[in-house]
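Notes follow once the structure below has been shown.
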2 protein chains.
Amino acid sequence: MTGRSQWKRDCIECPLLECEGLRPLDNGQLKFMQGFKQGEFTIDKGTQSLVQGSISPHVYTLLAGVLFRYRILEDGRRQIVNFVFPGDLIGLQGAMDDPLLHGCEALTNATLCVFSRDRIVELFAEQPQLGYDLTWLAAKEESALEEHLVSVGRRTAQERLVCLAIFLIERGIATGLVKKSSLEISITQSQISDTLGLSLVHTNRTLQALRKKGLVNWSLTRISIPDMAVACDFAQYEGNAGGIRPYI
Amino acid sequence: MTGRSQWKRDCIECPLLECEGLRPLDNGQLKFMQGFKQGEFTIDKGTQSLVQGSISPHVYTLLAGVLFRYRILEDGRRQIVNFVFPGDLIGLQGAMDDPLLHGCEALTNATLCVFSRDRIVELFAEQPQLGYDLTWLAAKEESALEEHLVSVGRRTAQERLVCLAIFLIERGIATGLVKKSSLEISITQSQISDTLGLSLVHTNRTLQALRKKGLVNWSLTRISIPDMAVACDFAQYEGNAGGIRPYI
DNA sequence: CGAGCTTTTGACGGTAGTCAACTGCGGTGG
DNA sequence: CCACCGCAGTTGACTACCGTCAAAAGCTCG
């Protein structure tokens, strides 16, 4: 795990408490989490956090920033599997006995909250509601992956791009990252293509086509969708990545 | 929910207790599950169980048989998202407040164990270990979906087919469905193509090519892999769908 | 100003999709 | 009993979406 280690901020000051899209913890839960929390650390944009293949003794909650998770095949082909927004949990799979099958890279500078995987069992025993929330998060993640799978398996290149844009914007809205209906985030076309199972060149051409159609404007630093309803209709997107989520 | 309703078999007689790949429940857990269980029912091969879009008041554990889960777009395009083997949980997402985004169809005659979603909270409160197991299952499912996503996004048609075959056989072994190193199950080529994001015709041709290469033999009723090591190598498959799983 | 990354563009090729017809098999019913 | 139907699989011809290769143009940064 790379990154600069930091002080241990109190959970009462947790930045996620002010996040619109997240259901805040109650006092008892905060107190428990305070003891559960091992610390925080930040990572810089572009750096790896979890590394594929390693067994991590930790679980993390993303406090700020955006990451993405990916898997890489032996010959280098990469598939980006999902994006991680504030409040999302990382490393749960690794915590469940198995070596980590995916890596994680930061799209922006980010800060993570660290928990010990060994003590997850305590969490279930002492805070059933938090255990339930953990399952909720896992189920939601599963649902997002399913939608993603539908895109890659059955949607055309243009539809995939539109779906991804909508998904990211919905998640951005829920986590307060969207301003003036556009999401400021740097995703390279190479990353987009690895997300959608397309080649870089084709991704580029498809993006241009969508700009021309006025469906999605996606530059290196910003995503915006002029008319969300039209876009959803075009891509046959129904998923709901918004809504209130629990966390930690 | 279609299907014939049945008597309520005791959990002590649960067929899953004898399944090699599943970690059996202890007596306390069995007792709890007995009260938690609402009944059983069977569905016939080819029938729908969960229906996309509905809100189900139940969660199910598959006791016998094999199902698959899928999502359908408005215009009819279908993506099969995963296969369900004995011991797997179904409907967790629906239980977590959201309308069900996928449907479920039986590949064989199957029998399901029914639980009430309302009482899931009790489970977390009274049986933390089972709550943990639930999360474990969700995390494992997530992991399987990721691997599937890598296939559809980044593997060639031949690799995808080989991966799927390996995955199904591994799961079949773990649940005792594999005999003489071949899995007897009826999956149509149409279903395969909807799983892998390919067209029906291309799936057919790819299957033939793999038969010719001697990598995978996949007929309407049976899947077998002559040399598992060679197949794994060919498909760059590392995932581990085997291993002991918890259930319920 | 040059190095390196990202985007863009052009040309070409191949994997995979579409359309369509035909075979084989099992079940149903006249 | 056999014609008929429906489903699954197979095959051929054609198309096109998308991948690969290659090169150039913009940008950022040291």
Side-chain angles (χ1 to χ4, degrees), chain A residues 44-47 68 73 75-80 105-109 151-162 164 184-213 216-223 235, chain B residues 44-47 68 73 75-80 105-108 150-164 184-213 216-223 234-235:
Chain A
D44 293 329
K45 173 173 172 173
T47 59
F68 63 85
L73 296 178
D75 66 2
R77 282 175 282 177
R78 178 176 71 167
Q79 175 68 45
I80 293 180
E105 182 180 319
L107 276 177
T108 65
N109 293 337
S151 272
V152 177
R154 284 299 179 217
R155 281 193 247 250
T156 66
Q158 294 198 6
E159 291 169 342
R160 292 183 209 183
L161 249 330
V162 173
L164 180 59
E184 303 231 358
I185 193 169
S186 295
I187 305 182
T188 68
Q189 292 183 6
S190 167
Q191 288 161 348
I192 299 174
S193 61
D194 281 345
T195 305
L196 300 178
L198 298 169
S199 72
L200 173 56
V201 173
H202 196 62
T203 300
N204 179 287
R205 295 193 165 116
T206 307
L207 279 173
Q208 292 178 47
L210 290 176
R211 272 196 284 269
K212 207 163 290 172
K213 283 190 182 182
V216 171
N217 287 306
W218 194 328
S219 75
L220 177 50
T221 57
R222 173 203 261 68
I223 311 171
Chain B
D44 292 329
K45 174 174 172 171
T47 59
F68 63 86
L73 295 179
D75 66 2
R77 280 174 284 178
R78 178 176 72 166
Q79 175 67 45
I80 293 180
E105 184 179 319
L107 275 177
T108 66
V150 173
S151 272
V152 177
R154 285 295 179 223
R155 281 194 247 250
T156 66
Q158 294 197 4
E159 291 169 343
R160 291 183 210 183
L161 270 167
V162 173
C163 277
L164 180 59
E184 302 231 0
I185 193 169
S186 295
I187 304 182
T188 67
Q189 294 184 2
S190 167
Q191 288 161 349
I192 299 174
S193 60
D194 281 345
T195 304
L196 301 178
L198 297 169
S199 73
L200 173 56
V201 173
H202 196 61
T203 300
N204 179 289
R205 295 192 167 120
T206 307
L207 278 173
Q208 292 178 47
L210 289 176
R211 270 196 286 268
K212 207 162 292 172
K213 284 190 182 182
V216 171
N217 288 308
W218 195 326
S219 75
L220 177 52
T221 57
R222 172 204 260 69
I223 311 171
F234 173 82

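Every chain is numbered from 1 and lettered A, B, ... according to where its sequence line falls, protein lines coming before strand lines.
- Annotation: the terminal axes of the helix from C:dC1-D:dG30 to C:dG30-D:dC1 meet at 30°, where each axis is the rotation carrying the C1' atoms of four end pairs onto the next four (5 pairs per end, rounded to 10°).
- Atom CZ of A:Arg155 is separated from atom P of C:dG17 by 17 Å (rounded to the nearest Å).
- Within the 4.0 Å cut-off from OP1 or OP2 of C:dT8, at least one side-chain nitrogen or oxygen of A:Gln189 is found.
- Side-chain N or O atoms of A:Asp194 include none that pairs as donor or acceptor with a backbone N or O of A:Gln79 at under 3.5 Å.
- Rounded to whole Å, the distance from CG on B:Leu198 to C1' on C:dA16 is 8 Å.
- With hydrogens and angles disregarded, no donor-acceptor distance shorter than 3.5 Å links the side chain of B:Arg154 to the backbone of A:Arg77.
- Taking atom CZ on B:Arg77 and atom P on C:dG17, their separation rounds to 13 Å, with Å as the unit.
- When DNA chain D is scanned 5' to 3' for any atom under 4.0 Å from a heavy atom of chain A, the first and last hits are D:dC18 to D:dC21.
- Non-hydrogen atoms lying under 4.0 Å from DNA chain D are contributed by A:Val201, A:His202, all within residues 200-208 of chain A.
- Among the atoms of the strands shown, none is found under 4.0 Å from any heavy atom of B:Gly46.
- In this structure, A:Ala235 and A:Glu159 approach most closely via the heavy-atom pair CB-O, 3.8 Å.
- Here the side chain of B:Arg155 pairs no donor or acceptor atom with the backbone of B:Arg160 at under 3.5 angstrom.
- At the heavy-atom level, A:Arg211 lies under 4.0 Å from the strands shown only through sugar-phosphate atoms.
- Of all heavy-atom pairs between B:Asp44 and B:Thr47, the closest is O-OG1, 2.6 Å.
- Each of B:Thr188, B:Leu161, B:Thr203, B:Thr206 was checked for a side-chain contact (heavy atoms from CB on, under 4.5 Å) with B:Ser193, and the lone residue meeting it is B:Thr203.
- Taking atom CD of B:Gln158 as the reference point, atom P of C:dT15 lies 10 Å away to the nearest angstrom.
- Put simply, the side chain of A:Arg78 never gets that close to the backbone of A:Thr195: no donor and acceptor are under 3.5 Å apart.
- B:Ser199 comes within contact range of at least one nucleobase, with a heavy-atom separation under 4.0 Å.
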